[in-house]
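Have a look at the structure below, then the notes.
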Amino acid sequence: MMDEGKLAPGLYLVATPIGNLEDITLRALRVLRSADRIACEDTRQTQKLLNHFSITTPTTSLHEHNEAARTPELLAALQAGERIAVVSDAGMPGISDPGMHLAAAALKAGIAVYPVPGANAALTALVASGAPAERFLFFGFLPSKAGERRTALERLRKQTADRLTVIFYEAPHRIVETLGDLAAVWGEEAQVVLARELTKVHEEFLRGTVAEVRAALAERDRVRGEMVLLLDAVPEAKAAVAESVSERVAALAREEGLDERDALKRIARERGISKSDAYRELQRERGKR
Ligand code: SAM
């Protein structure tokens, strides 16, 4: 797509605000204004946004349940040279939202697909969370059934070899339960951040251990609003909570034949601390005896 002038034919994946309408970009407005039509997750929801910005482009519906069925018709329009914008209710289309099925089909058919970036709840939460952002994993929504959720978290813990921040989307009526599952799988002391109502009037960040954030929510009459949950996933965090460094050094010597130096290296990695911190902690524990 050129920066100025008429839009090139193709499919435009357009991000929309996640709360604050000022987060729409100038380019998003131009694309929405100039497109032949806008495929929306919920036409009524998008219409409010379009009315606010006096955009009169026709809309058509494209949601989770009709995306596959509508794709052939939209592809035919794209092949005939239309410019179609795709938006979800909020944020980036395709991120825990519809849009990817159509985008993949368009690419397969040789149609140009243009991203029009903007707000996204996961990244917005991450950058202000204080959690490490060098490496992160976007998980999206956990399963809503308790057993499946616990299994998903256990699998995630087994797969996590290095420290990283895991980003979940969660519904307010499930958050306390999910924090309970996190505590069971990653330990009560695992660090989390709950980002609520991002970019809105009641934006809030709760930071602390799983147990602390859970207790803070449990005190409230009702937990409301949209939320992103971030977990500072330190491998073996649960074992680390239960064991002192000296116990872990002894266990690694016994179970894996590691000498003290290699054991400290491993422990530092497991706990997301430096080797010298692990060594200092070992000395401190030994000094205690
Ligand atoms: N496509 C969107 C994006 O790019 O972020 C996400 C759509 S997903 C269906 C909706 C979920 O995103 C919500 O349940 C919540 O977890 C998160 N979310 C969306 N807006 C948010 C906000 N303003 N504050 C916190 N979380 C938000």
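Remember, it's 1-based here, ligands and their atoms both numbered in the order they're listed.
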* Using the benzene-type ring in the case of Trp, are the ring centres of Phe139 and Tyr169 under 6.0 Å apart? -> no
* To do: List every atom of ligand 1 that sits less than 4.0 Å from any heavy atom of Gly91, numbering the atoms from 1 in the order shown and giving each element.
  => 3 (C), 4 (O)
* Asked: Identify the closest protein heavy atom to atom 15 (C) of ligand 1: which residue and atom is it, and at what distance?
  -> Met227 O, 3.4 Å
* Side-chain contact test, heavy atoms from C-beta onward, threshold under 4.5 Å: evaluate it for Leu13 versus Val116 and give yes or no. => no
* **Test log, rule side chain to side chain donor-acceptor pair (under 3.5 Å), inputs Asn20 and Thr199** => CA-CA 5 Å; Asn20 190 326; Thr199 78; 5.5 Å; no
* **Full working for side chain to side chain contact (heavy atoms under 4.5 Å, CB included) between Arg266 and Leu252** => CA-CA 9 Å; Arg266 168 81 71 83; Leu252 286 170; 3.7 Å; yes
* **Those atoms of ligand 1 less than 4.0 Å from some heavy atom in Ala90** => 1 (N), 2 (C)
* Asked: Counting from 1, what ligand 1 atoms have a heavy atom of Met92 closer than 4.0 Å?
  -> 1 (N), 3 (C), 4 (O)
* Structure fact -> Counting from 1 in the order shown, the ligand 1 atoms closer than 4.0 Å to a non-hydrogen atom of Lys200 are 23 (N)
* Asked: Which atom names give the shortest non-hydrogen contact between Ala28 and Ala15, and what distance separates them?
  -> CB-O, 4.1 Å
* Taking atom 10 (C) of ligand 1 as the reference point, the nearest protein heavy atom with its distance -> Phe141 CZ, 4.0 Å
* Asked: Does an N or O from Ala119, backbone or side chain, lie closer than 3.5 Å to an N or O of ligand 1?
  -> no
* Using a strict 4.0 Å cut-off to heavy atoms of Glu170, name the atoms of ligand 1 that fall inside it. => 16 (O)
* Structure fact -> Which of Arg149, Arg150, Lys158 passes side-chain contact (heavy atoms from CB on, under 4.5 Å) with Val185? It is Arg150
* Structure fact -> If we number the atoms of ligand 1 from 1 as shown, the ones under 4.0 Å from a heavy atom of Glu197 are 24 (N), 25 (C)
* Determine, step by step, whether Leu7 and Arg30 satisfy the side chain to side chain contact (heavy atoms under 4.5 Å, CB included) criterion, reporting the C-alpha distance in whole Å, the side-chain angles of both residues, the deciding distance to 0.1 Å, and the verdict. => CA-CA 9 Å; Leu7 286 187; Arg30 186 168 64 83; 4.2 Å; yes
* **Those atoms of ligand 1 less than 4.0 Å from some heavy atom in Asn120** => 3 (C), 4 (O), 5 (O)
